[in-house]
Amino acid sequence: MPVGPWQPFVDDILVGSGKCSAGIIIGHEGAIFAYSANLSNLSQAEMNFIANSFALPEEEAASAFQSTGIIISGAKYITLRAQLDDGLVYGKLGPAGCCISRTGSTIVIGIYSKGMTGGECNMVTEGLAEYLSEEGW
């Protein structure tokens, strides 16, 4: 598990909020900066797909997310909405889901599980992304 300046954002803000059961921060090229310990099956290929999809023109990116879904740690989320002009993608898997928010140089991913709400996970994930953007990331 990575340890460094990015890990507290995942542990303390995303998961620590109680609104996300897991979190990930990656770079635009797919490099994994930090992730939750409970994402043991997280793969570089999954993160590359997310990063590479955001790099596509908006219509192609939306199509990529919607045709394949969002795979995180082996779990396949159905893409509910891709607001790529705002750098946002939302996914759902049964009672769980995910929020992906792109900043100038990072991609923040919040995951919620049964008993949590998507709206609250979205607020925390998007809030962290906004903070990182304000700090130049």
Side-chain angles (χ1 to χ4, degrees):
M1 180 164 177
V3 177
W6 294 101
Q7 199 60 46
F9 289 113
V10 170
D11 296 339
D12 301 338
I13 296 175
L14 293 176
V15 178
S17 71
K19 310 299 182 193
C20 299
S21 57
I24 308 161
I25 300 175
I26 64 174
H28 283 191
E29 71 291 336
I32 300 170
F33 295 165
Y35 63 94
S36 300
N38 60 343
L39 295 175
S40 59
N41 295 329
L42 184 66
S43 81
Q44 187 62 60
E46 295 167 347
M47 298 302 99
N48 287 346
F49 172 79
I50 291 170
N52 292 339
S53 293
F54 269 112
L56 296 170
E58 190 172 331
E59 193 172 298
E60 289 178 46
S63 178
F65 280 118
Q66 293 179 347
S67 65
T68 62
I70 305 160
I71 302 173
I72 302 172
S73 199
K76 184 175 181 178
Y77 297 82
I78 296 168
T79 303
L80 293 177
R81 188 173 41 168
Q83 294 175 220
L84 297 165
D85 54 333
D86 295 327
L88 297 167
V89 179
Y90 304 95
K92 187 89 169 124
L93 175 62
C98 66
C99 172
I100 303 173
S101 185
R102 186 178 192 263
T103 72
S105 56
T106 66
I107 299 170
V108 180
I109 304 168
I111 299 167
Y112 63 95
S113 56
K114 184 177 181 179
M116 298 176 158
T117 67
E120 290 179 332
C121 176
N122 296 351
M123 284 192 332
V124 172
T125 304
E126 293 169 30
L128 175 56
E130 184 176 332
Y131 169 78
L132 292 174
S133 289
E134 290 169 357
E135 294 298 311
W137 294 100

Exercise. Taking Ser36 for the side chain and Gly23 for the main chain, is one N or O donor matched with an acceptor at less than 3.5 Å?
Worked result: yes
For this session: Please check if the distance between the ring centroids of Tyr77 and Phe65 is under 6.0 Å.
Result: no
Problem set entry | Pair Leu14-Thr125, side chain to side chain contact (heavy atoms under 4.5 Å, CB included): steps then yes or no | CA-CA 7 Å; Leu14 293 176; Thr125 304; 4.0 Å; yes
For this session: Examine Ile24 and Ile50 and state if one hydrophobic cluster contains both, with Ile, Leu, Val, Met, Phe, Trp and Tyr joined whenever side-chain heavy atoms are less than 4.5 Å apart.
Result: yes
Problem set entry | Evaluation steps, side chain to side chain contact (heavy atoms under 4.5 Å, CB included), between Val124 and Leu128 | CA-CA 6 Å; Val124 172; Leu128 175 56; 5.7 Å; no
Problem set entry | Leu42 with Ile107, same ILVMFWY side-chain cluster at under 4.5 Å | yes
Problem set entry | Joint cluster assignment, Val15 & Tyr112, ILVMFWY side-chain distance < 4.5 Å | no
For this session: Find out if a path of hydrophobic residues (ILVMFWY) with successive side-chain heavy-atom gaps under 4.5 Å connects Ile26 to Tyr90.
Result: no
Exercise. How far apart are the closest heavy atoms of Ala51 and Gly27, and which atoms are they?
Worked result: CB-O, 4.0 Å
Exercise. With hydrophobic residues grouped by side-chain heavy-atom distances under 4.5 Å, do Leu93 and Ile70 end up in a single group?
Worked result: yes
Exercise. How are the rings of Tyr131 and Phe9 set to each other: parallel, tilted or perpendicular (split at 30° and 60°)?
Worked result: tilted
Exercise. In Å, rounded to the nearest 0.5 Å, how long is the span from CD1 of Ile32 to CH2 of Trp6?
Worked result: 14.0 Å
Exercise. Is it true that the side chains of Asp11 and Gln7 contain a donor and an acceptor less than 3.5 Å apart?
Worked result: yes
